[in-house]
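Within every chain, numbering begins at 1; the chains are lettered A, B, ... in the order of the sequence lines, protein sequences first and strands thereafter.
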2 protein chains.
Amino acid sequence: MKKVSVKDIAKLSGVSVATVSRVINNNGRFSEETRKKVLQVIEETGYEMNYSAKTLRTNKSYTIGILVPDISNYFFSDVVQKIEYILFERGYSTIICNTGRNEKKELDYLKVLQGKGVDGLIVISGAEEFSFDYTEAKKEIPYICIDREPKDKSQTTFISSNHYQGAFEATEHLIKVGCRHPIFAVLNRKSTSAKERLSGFKEALKKNHFTFDNSSILYLDNPPAEMKRQTQAFFNNYPTTDGILATNDAIALELLNILHNMQYKIPEQIKVIGFDDSPITNYSTPPLSSVQQDTAKIAETAANHLLYLMKHPNETGQTLIVPVTLKLRQSSAL
Amino acid sequence: MKKVSVKDIAKLSGVSVATVSRVINNNGRFSEETRKKVLQVIEETGYEMNYSAKTLRTNKSYTIGILVPDISNYFFSDVVQKIEYILFERGYSTIICNTGRNEKKELDYLKVLQGKGVDGLIVISGAEEFSFDYTEAKKEIPYICIDREPKDKSQTTFISSNHYQGAFEATEHLIKVGCRHPIFAVLNRKSTSAKERLSGFKEALKKNHFTFDNSSILYLDNPPAEMKRQTQAFFNNYPTTDGILATNDAIALELLNILHNMQYKIPEQIKVIGFDDSPITNYSTPPLSSVQQDTAKIAETAANHLLYLMKHPNETGQTLIVPVTLKLRQSSAL
DNA sequence: TTGTAAGCGTTATCAA
DNA sequence: TTGATAACGCTTACAA
């Protein structure tokens, strides 16, 4: 089955290719009659636009690239899915690139995306070690960063949840329900957002006249067995620990399991709060309190702002902070 | 910053565009000397291939489309991620399309992907109501189906977990650990795979001389509140139910919660097994037994087979079944 | 209101 | 071993 092109449409409807193009793009002027005729032929033949040709000619691909560390992570997949949805409604397709937190792969993707002529880029998170420096990769594709502080903020728009606020509120909550030695549990591989969360935690401690020192932060590493070892060692050293703010739900759940095995009662002896409010929080025992990020708002902001940036390339440099909500469940109850 | 093209490379290295193209694609013949020179210039200028032009010319896009119902579902995201990884290694980028189980959106995506000239298509699952009939959408893009039985198997390759085997084994396990009235819990919106699972369940019942009737199957609907109502009604009617095979982990977990609220003890009074073996199974109380699908194998098979199909368009019609593994945890313990 | 034709960056054919 | 050039399907001045 041969592909049908504008040329065929032109021939079949007895007009020129230029007219066909105008009709398709609702450009220039043409009579109602020809419009009808052309559209009818298009319908009949099942014509499909060849986007490569269009892109080549117009330098617009109607394609957006998304760089994301790990799509099986709930927060990421949720945001990506929502962005994709919005962009599709606006006529853009999305190439989702799973970088697996691998810098080389990220750079490779960047090259490909560039070659495909993406109109814009959304970069989500990533480890702090290689903060995104897209300018080095030259070419001027507008891009926005979610949750990853770019090296040069002036070249982009930075969108982030208010991690600071979330951690601050969560910590104050722990204190309010009676924790005397709340700690912050975080992966050694720290992201921009984890740093913000840590500083919210610290600030809440300070405001409530608690001291922050080695006994206030538990560093963890994957795999779970290693986490277990680290957690046990920590509780050996600091047995008065009675509250944990974890840097994400996955860690919080792992800790729930570990602590349960160590015979601690949650929330009676130790209260736990996670981050992200993933669906699993409802199914753990006890159900996990968590700081909910407003993924819908983040996605919407990101998509709209990128589209805007594509029209106004110079209006970069903004930072947009999206509020979070503390979802209380049993794991931090009195 | 102007984009550099083959023409520029040609000029700078003192050869023709044809030669540059040959070097880039390692095509035709050229002297070692020119090769070096050209590659050097490419390196220096940071030249990036314009894929739109290449695609337009060659009719190959090095892009694969993936149609997936819901990327925030663990099984789907896991498979997609793995496919994407393999394809990228082979030089293909992937456009992931979230259809949200919406037929119209799926058709729209199909059009766009066609327009972008994707070289192949991977279609994952979907509700049974609109079994994929890509042939109707004409054009002959090779495609393979995962977990979704296509209308016309002869046009594609069908890859699926052995849902039948998984359900069969899980059911036999329930019986072995003492269940006298095991049931199958399933969403009303049934997929191809759910049907297979149901038939494995039935067969295991039969083999063990249990009868299958209305009391053997619990139909559920979202949202959770509705599920709760349905479950309570079911247990009212059939109070001797003592084992559940759920059609996926999400439902199993919801049931765990509902049954817990109804004061049932799991696994003492009722044993539960899920499907997919998502990470959450470790964090529920009790930890959830589940049938694990071999996502790595599925992804690998799908990617390799699609690439193969792209070279040998006529060798369709195969069905590839991937074995599953029953992961036992406490929710179905004696 | 419509048509002609140039040109986007590649690859491929043919000739040199 | 190389170079000139047509062609891929589309948009867009410019002409008519």
Participant: The side chain of K54(B) is closest to which nucleotide in this list: dA4(D), dC10(D), dT10(C)?
Facilitator: dT10(C)
Participant: Do K105(A) and T99(A) meet the criterion of a side-chain donor-acceptor pair at a distance under 3.5 Å?
Facilitator: no
Participant: Think K7(A) has a side-chain N or O under 4.0 angstrom from the OP1 or OP2 of dC10(D)?
Facilitator: no
Participant: Between N98(B) and E84(A), is any side-chain donor less than 3.5 angstrom from a side-chain acceptor?
Facilitator: no
Participant: K36(B) NZ to dT1(D) C1': how many Å, rounded?
Facilitator: 17 Å
Participant: Are any of T34(B)'s side-chain N or O atoms less than 4.0 Å away from OP1 or OP2 of dT1(D)?
Facilitator: no
Participant: As a test of reading the structure: which of dT10(C), dA4(D), dC10(D) is closest to the side chain of V6(B), going by heavy atoms?
Facilitator: dT10(C)
Participant: Is the shortest side-chain N to carboxylate O distance from E89(A) to K82(A) below 4.0 Å?
Facilitator: no
Participant: Output the rounded distance in Å from CZ (F30(A)) to P (dT11(D)).
Facilitator: 13 Å
Participant: Identify all pairs in which a protein N or O lies below 3.5 Å from an N or O of nucleotides 12-15 of chain C, and state each distance.
Facilitator:
unit_1	atom_1	unit_2	atom_2	d
dA12(C)	O4'	R57(B)	NH2	3.2

Participant: Specify the separation, in whole Å, of atom CD1 of I42(A) and atom P of dG9(D).
Facilitator: 16 Å
Participant: Nearest whole angstrom, please: distance from the P of dC10(D) to the CG of L56(B).
Facilitator: 9 Å
Participant: Rounded to whole angstrom units, what separation is found between the CG atom of N59(A) and the P atom of dT10(C)?
Facilitator: 12 Å
Participant: For the residue pair R101(A) and D70(A), what are the closest heavy atoms and their distance?
Facilitator: NH1-CB, 4.1 Å
Participant: Can you measure N50(A) atom CG to dT10(C) atom C1' for me and round it to whole angstrom units?
Facilitator: 13 Å
Participant: Ignoring hydrogens and angles, state whether a donor on the side chain of D78(B) or Q293(B) is under 3.5 Å from an acceptor on the partner side chain.
Facilitator: no
Participant: Is any side-chain N or O of Y47(A) closer than 4.0 Å to OP1 or OP2 of dC10(D)?
Facilitator: yes
Participant: Round to a whole Å and report the spacing from NZ of K37(A) to C1' of dT2(C).
Facilitator: 17 Å
Participant: Is S5(B) near enough to dG9(C) that one of its side-chain N or O atoms lies under 4.0 angstrom from OP1 or OP2?
Facilitator: no
Participant: Quick one: closest heavy-atom pair of V68(A) and F76(A), and the distance?
Facilitator: CG2-CB, 3.6 Å
Participant: Whole Å only: how far is the CD1 atom of I9(A) from the P atom of dT11(D)?
Facilitator: 12 Å
Participant: Are Y92(A) and D119(A) packed together at the side-chain level, in the sense that at least one heavy-atom pair is separated by less than 4.5 angstrom?
Facilitator: yes
